[in-house]
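A short write-up of the structure that comes next.
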Amino acid sequence: MTATAASSPPGAARKRAPDETLDLRRRPRRLRRSAAIRGMVRETRLSPEGLVYPLFVCEGEGVRREVPSMPGVYQLSVDQAVAETAAAAGDGVRSVLLFGLPHDEDKDEIGSPADDPGAPVQAAIRAIKDETPDVLVVTDVCLCEYTSHGHCGIVDGDVIVNDATVDRLARTAVSHAEAGADVVAPSDMMDGRVGAIREALDAARFADVAIMSYAAKYCSAYYGPFRDAADSAPAFGDRRTHQMDPANVEEALREVALDLEEGADIVMVKPALHYLDVIARVKEEFGCPTAAYHVSGEYAMLKAAARNGWLDEERAMREVLTAITRAGADIVITYYARVAARLLG
Ligand code: PBG
Ligand code: ZN
C-alpha cells in the first residue's frame, strides 16, 4: 500500500483496482454499533465504591459558605458536614475526606489546632460516625491548615524542619484516630512520616486505623482553589522543598516504595490528570490499592468551562473519571463524588 501511495502523483486519491478489495474481515466498528455492545466490551467500569468526597469543615454552626473558585463546594460547620455526609451517602458515596478550618486566631507556629480534640475535624469525625457510622471517614493529616504561616510543617527561618514536623503529624493522626477516623491520609510529604504515624497509631492501640499516604504528591499549580477553600496558602515561599517536581516519575516510584515499606496501606498520586502515567506505573509496579486525587484546580477548570458553555460538564466528568480509573486508580478522590455517584449508582 505504501509503495502504491508513494508512486501516485502527489495529491491524487489512491485508486483501487476493480478486483482489489479492502480487508474487511476485521471491522472494529462492529463492537461500537449500539450502547449494549459498547457496554459489553467496555474495559473500564466505573462504580461509586471507589469515590471519596472531600469536605472542608469550619467552626460555627449552620455555616455553608460556597468557595468562589469551586462552585458546588462549601466550607461547612460540623452540623452541616454531618448533613452533607448523610446526603452524599444517600447518593451512594461511601467515604469522605475531611479537612479542617480552625479560626485564624487559633493558628500558631506549630499548628496547635491540628491535634486539638475540640477542633473542627475531630468534632466532625465524632459527629459523622455518630450519625452515619457506615461511612468511611478519612482525614487529611497536614499542618498547613493549622499553622499561622500556612506551611505544612514547623518552620525555622525559611526551612521546613522535617523531624519536628513528623512528630506533630503523628500526634495529629492519633488525635484523628481517637475521634474515630477509619483512615488517616498524610499529605505533607515529609520524610519518614508514614513510619512514624504507623508507630504512633499502633502504640495508641489503633492498629486497625489504615494509612492512605499522599505518596507521590507533586508541587502543582492545580492546588490553587484548595488553598482558598482551606485558607492554607503559605505566607512566604512555596512547597518545592517537600512536594515533588512535576518532571519526575522514577522518583515517584521511590516515594511509593518507601511509604509501602513504612506501612502505607493505600498510596496516592496527586494531582490526577496530568499524572496518569505516574498512576499507571505505580499500579503496575506495586499492585497495591492506588488512589488518585482529582484536585481543586482540575475541578475548577471543568466548572469554569462548563459555566461558559464551552463543554458538556457531565460528559467531561465521566471522561475524567474513566481516564483516571483506566490509568489504574482504584480510588478517586473528587469534588464530583456526589454527582458521580448519582450518575453511576
Ligand atoms: C494539604 C493539602 C493540599 C491539598 C490536599 N491536602 C494543598 C497543598 O498541598 O497545598 C490539595 C487538594 C486540592 O487541591 O484539591 N497539604
Ligand atoms: Zn500541607
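Reckoned from all heavy atoms, side chains included, excluding hydrogens, waters and symmetry mates. Starting from 1, each residue takes its place in the sequence as its number. If you're wondering where the values come from, they're calculated on a predicted model, not measured in any experiment. In each ligand, atom 1 is the first atom listed, and ligand 1 is the first ligand listed.
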Without hydrogens or angle criteria, can the side chains of [X] and [Y] be said to hold a donor-acceptor pair below 3.5 Å?
X    : Y    : answer
H274 : Y218 : no
Q243 : Y214 : no
Y146 : D115 : no

What are the atoms of ligand 1, with element, lying closer than 4.0 Å to any heavy atom of [X]?
X    : value
K217 : 1 (C), 2 (C), 3 (C), 6 (N), 8 (C), 9 (O), 16 (N)
K270 : 2 (C), 3 (C), 4 (C), 5 (C), 6 (N), 11 (C), 12 (C)
Y335 : 12 (C), 13 (C), 15 (O)
C144 : 1 (C), 16 (N)
F99  : 5 (C), 6 (N)
Y293 : 12 (C), 15 (O)

Below a 4.0 angstrom heavy-atom separation, can you tell me which part of C142, side chain or backbone, both or neither, approaches ligand 1? side chain
Within the 4.0 Å heavy-atom cut-off, what Y299 brings close to ligand 1 is neither
Neighbouring protein N, O or S atoms of the Zn ion (ligand 2), below 2.8 Å: 3
Between D277 and R281 (salt bridge meaning N to carboxylate O under 4.0 Å), is one present in this structure? no
So, R193 and D259, do they make that salt bridge, N to O below 4.0 Å? yes
Which option, D238, L143, I333, D140, owns the non-hydrogen atom nearest atom 6 (N) of ligand 1? D140
Could you see if V63 belongs to whatever hydrophobic cluster contains V82? Use Ile, Leu, Val, Met, Phe, Trp, Tyr and a side-chain cutoff under 4.5 Å. no
Donor-acceptor pair, N308 side chain versus W310 backbone, under 3.5 Å? no
Q122 side-chain N/O to A179 backbone N/O, donor-acceptor pair under 3.5 Å: no
May I ask you to establish whether K270 and Y223 are in a cation-pi arrangement, using a distance under 6.0 Å from NZ or CZ to the six-membered ring centre and at most 45° from the ring axis? yes
Answer yes or no: are there more than 12 heavy-atom neighbours, outside E131 itself, under 6.0 Å from its atom CD? no
Identify every side-chain donor-acceptor pair in residues 152-163 under 3.5 Å, counting partners at least two apart or on other chains, and give the distances.
from: N162; atom 1: OD1; to: D191; atom 2: N; distance (Å): 2.8
from: N162; atom 1: ND2; to: D191; atom 2: O; distance (Å): 3.0

Contact (N/O only, under 3.5 Å) between S296 and ligand 1: yes
